Amino acid sequence: MSEAQNHLYLVDGSSYIFRAYHRLPPLTNRHGVPAGAVYGYTAMLWKLADGLNKADGPTHMAVILDASEETHRNKMYDQYKANRPPPPEDLVPQFPLIRTATRAFSIPCIEENGLEADDIIACYTYAAVRAGWKVTIVSSDKDLMQLVDDGNVDMLDTMNDRRIGVTEVHEKFGVGPEKVGDVLALMGDSVDNVPGVPGVGPKTATQLIQQYGDLETVLASTDEITKPKLKQNLIEHAEMARLSRRLVELVCDSPLPEPLEELTLKGIPPEPLREFLEDMGFKSLLNRVGKEPGASSGGARPIDVMASQSAPKPLEKEKITVDRTQYECVISDEALDRWIAEARHKGYVAIDTETDALDNMAARLVGVSLATEPNKACYVPIGHVGGDLLSDAPRQLPTDLVLGKLKGLLEDPAVLKIAHNLKYDWVMLQRSGIDVAPYDDTLVMSFDLDAGRSNHGLDELAQAHFDHECIAFKSVCGVGAKQISFDKVPLGAATEYAAEDADICLRLWLRLKPRLAEEGSTRVYQMVDRPLVATVGKMERRGIKVDREYLAKLSGTFATEIAALEQRVYEAAGGPFTIGSPQQLGAVLYDRMGLSGGRKGKSGQYSTDVNELERLAGEGVQAARLVLDWRQLTKLKSTYTDALQSQINRDTQRVHTSYSLSGAQTGRLASTEPNLQNIPIRTEIGRQIRDAFVAEPGHQLMSADYSQIELRLAAHMADVPQLKEAFSKGADIHAMTAEELFGVVDRDTRGKAKTVNFAILYGISSWGLAGRLGVPKEEGKAIIDRYFTRFPGIRAYIDETLAFVREHGFTRTLFGRKTHFPNIRAPNPNFRAGAERAAINAPIQGTSADLIKRAMNRMDDALADAGLSDVKMLLQVHDELVFEVPQGKEEAAAAVVREVMAKAAEPALKLDVPLDVEVGWGSNWGEAH
DNA sequence: CCTATCACG
DNA sequence: GACGTACGTGATAGGA
């Protein structure tokens, strides 16, 4: 018997992972990375590679992947694959793992820029057949059926273990493999967006090719076609058909990236494989290689939101050694290429950008640092200048070259980018034309794991997790008047500082990632907060237009009124003093003027807050009334009309707030610099500020807000039938509460009921409520008791929430978001009571935050799907979203926005109450309400 | 840097 | 019967 024929197996890795993703349940590995598709892929690869030495088994094998760049097909046809949706969120992090898995089997992984996996497969198939080998293509892609050739080339669909030969191709297309391209060209392919000929599907295409032999003959024989519509389509779309023919044509003459001989299959060496399987936690597969004693356990398991209720472990510190001497300053082409190749090899890379200012909408990019392993980090300077006017800029690579090369890496779907507070860098890089994806954010991870029990700054986390002191920004840039911007920092110091941040970020990622699954936070991270980085980044970049002249005019008006009030205050108070000083004001009111009832706070100072001044004003003290008016106007002027004008960006002429994703413990966003979440609305005079927020010419501002969302969620979560029913019927919820509590509904009882309803959300206390209602505390207590009697679900919700938080130290929202309450066991009863009230509120406020975040993440795609990609989401104010809408598209936009917001809980949750969304629009934010 | 005040949901 | 006078934020001004 002669030596067995070589048999090459070519695995279509890209298409396999998509199919595995949709077939298998969502699993996560022990690091919390979604890994269901990788699991399926690994099992499949094993089965194939294990077939060595078996009849018809492989002697050579390679996995073929799609490289990320565009291909010649996009040049032919810009719509090629254009309608393909982005891969699902939890599939993206699995792409790099495909390479890792393949390497673990010691099987070559082949990809080539400009070529699709199909083309590479075709090249290898032809080369192998020429060499007299047999080929099996592991795929079920119909394009690849063109390559089937009995005796030489077949296909294997591992999902159902089906071999595809010429017979099967005939069954599917009614023609042989050599004619498949012609059939595909006629019928088109919606998945790849190959146009084909309208009205021609598989049946007609097959019939035409069977009859005429090939595409050109079909197109030349339209005279003979009897069906008028078909004939007309073939004539009109002949060029589209020819283009389609070229699109489905496989490239088969490119040089092979690896020679055939390199693809020899040597069996499955156990070592790298065992490490990979252990790392992934693929327990059942690990058993096949024979588990080593002492190997870590933990297997793939379903993503689980609510199950992991175990008390959080105290944060154990990990001992690390940071060696800054290993950091590299990258100033050569070769070095940059080496780092990029290393990142691609790893499949992930930690990044950090350095800039010359904190405001990422105004700052310039100064450098980028990368880290691929602990202590393995570099800094690529691009915008450094001499430290003083006399010295030249240090030697560094040209900005365009660096950005061009980094773009390829940062946009590579096969490389996971990891950053701390990525939103900052995301906006920065977006301004340089780089769209970072896929990504992880260690700040967001830390927030989702440890909200309420840790701060989330990189330096603080380095301290908390590793006992490591990062180089302080102050120590490289200085403080105060002597502070320099980062572009003036010498490269040596800049490299140590910047590379360390990427290094620490990477170590943090390695540490936090597994905890997400262990502690039940994968879902809220992957589905809510992680995608929000890009969603909010986009909003920040857009900004909102502010009418500077209007604000300046308003500012002038306020100034005049303030000056007049000042004089009247002095007259009423018997002499000038600093009205803005609570200390002086207290002294004037209670000492100089001798008013009674002064209340002193813990600092021993008279309180002069709005409640006290209102009380005095009610007693007829003119000065108190005047001070209140003065305070309102100075507040409006300094915080809004004046400050806002200085926040207008020079380049965009718009105001770009920054949203903190980890600012509020409950999961809410917080808006800073400027805070656009506290623009006045409650008083008529304050409302004028809102009118300064305007739409671009030809546009309108649209505001959409959830009505009573927290009360609705409370009704659902505490399961209160009367409240749920009232919301379902669209009834007046406070009136209904008044009816339940007092038996009558009038202005007084409705107002009281409203206060009580809010008190519930905030963690009620009868004494607090009594004070708020201005009634004796006995009556406050009676009202609370009645409330609990009428709505027993509320009592149960509070009791259960408190029992849970006392046992576990944290609460959860309906979507699994955790908030920790370390003070829940504080010895100080005041601290404890405060923690209890906050814990009662957190699940409600947090679920509301989850809901609007889900809506925000979906909004742009939903608008684009409705042909409204020119509608821009600009602002979020906790239960409100603000959009800029081209005039005439208001109704259409309102419909989409309403739908997305109202359905934000789905499909994860079915709420017992409807979510009502109120939408309005106008030329400014004031009018939009 | 801390406190008091007040803007929002 | 005491507790301290509701939950979550950020910006500003005064004062130490």
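Convention: sequence-line order gives letters A, B, ...; per-chain numbering from 1. All values reported here derive from a predicted model rather than from experimental measurement.
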For this session: Please determine which of A/D691, A/D547, A/V546 meets the side chain to side chain contact (heavy atoms under 4.5 Å, CB included) test together with A/N924.
Result: A/D691
Exercise. How close do A/Q708 and A/F727 get, heavy atom to heavy atom, and via which atoms?
Worked result: CB-CE2, 4.0 Å
Exercise. When all nucleic acid strands are considered with a 4.0 Å heavy-atom cut-off, which category describes A/L676: base, sugar-phosphate, or nothing?
Worked result: nothing
Exercise. Reading nucleotides 9-16 of chain C 5' to 3', which nucleotides get B (base under 4.0 Å from a protein heavy atom), which S (sugar-phosphate only), which -?
Worked result: SBBSSSS-
Problem set entry | Whole angstrom value for the distance that separates C1' of B/dT3 from CD of A/Q605 | 8 Å
Exercise. For A/E880 and B/dG9, what is the distance between atoms CD and P respectively, to the nearest whole Å?
Worked result: 8 Å
Exercise. Given side chains that start at C-beta, do those of A/P843 and A/Y797 come closer than 4.5 Å, heavy atoms only?
Worked result: yes
For this session: Mind calculating the distance between CD (A/Q845) and P (B/dC8) to the nearest angstrom?
Result: 17 Å
For this session: Check if the side chain of A/R772 and the base of C/dA6 share a donor-acceptor pair of N or O atoms closer than 3.5 Å.
Result: yes
Problem set entry | Quiz item: A/R837 side-chain donor-acceptor pair to C/dG8 base, under 3.5 Å | no
Seminar exercise, completed: Whole-Å distance, A/I579 CD1 to B/dT5 P, equals 15 Å
For this session: Pick the P atom in C/dT5 and in B/dT5, then give their distance to the nearest Å.
Result: 13 Å
Exercise. Hey, what's the ring geometry for A/F791 with A/Y787, parallel, tilted or perpendicular (30° and 60° as the breaks)?
Worked result: perpendicular
For this session: Considering only atom P, compute the distance from B/dA7 to C/dC3 and round it to an integer number of Å.
Result: 32 Å
Problem set entry | Candidates B/dC8, C/dG8, B/dA7 - which lies nearest the side chain of A/R690 | B/dC8
For this session: Have a look at A/T634 and say if it touches a base, only the backbone sugar-phosphate, or nothing, with a 4.0 Å heavy-atom cut-off.
Result: nothing
Exercise. How many Å lie between CZ on A/R631 and P on B/dA7, as a whole number?
Worked result: 10 Å
Exercise. Heavy atoms under 4.0 Å, any strand shown: does A/T657 hit a base, just sugar-phosphate, or nothing?
Worked result: nothing
Exercise. For A/I681 and B/dG9, what is the distance between atoms CD1 and C1' respectively, to the nearest whole Å?
Worked result: 10 Å
Exercise. Would you say A/R682 reaches B/dA7's phosphate, i.e. side-chain N/O to OP1/OP2 under 4.0 Å?
Worked result: no
For this session: Evaluate the criterion side chain to side chain contact (heavy atoms under 4.5 Å, CB included) for residue pair A/M717 and A/T847; output intermediate values, then yes/no.
Result: CA-CA 10 Å; A/M717 293 164 81; A/T847 300; 3.8 Å; yes
For this session: Nearest whole angstrom, please: distance from the P of B/dG9 to the CG of A/D705.
Result: 9 Å
For this session: State, to 0.1 Å, how close A/V805 and A/F821 come at their nearest heavy-atom pair, and which atoms those are.
Result: CG2-CD1, 3.8 Å
For this session: Quickly work out the A/W630 CH2 to B/dT5 P distance and round it to whole Å.
Result: 13 Å
Exercise. Base, sugar-phosphate alone, or nothing: which one does A/I679 contact when heavy atoms must sit under 4.0 Å apart?
Worked result: sugar-phosphate
Exercise. Base, sugar-phosphate, or nothing for A/P680, non-hydrogen atoms under 4.0 angstrom?
Worked result: sugar-phosphate
Problem set entry | Rounded distance [0.5 Å steps], CG in A/L565 versus CG in A/L626 | 6.0 Å
For this session: Give the minimum heavy-atom separation between A/T666 and A/Q845, together with the two atoms involved.
Result: OG1-OE1, 2.7 Å
For this session: Could you check which nucleotide pairs with C/dA2 in any of the strands shown, counting Watson-Crick or G-U wobble with both distances under 3.5 Å?
Result: none
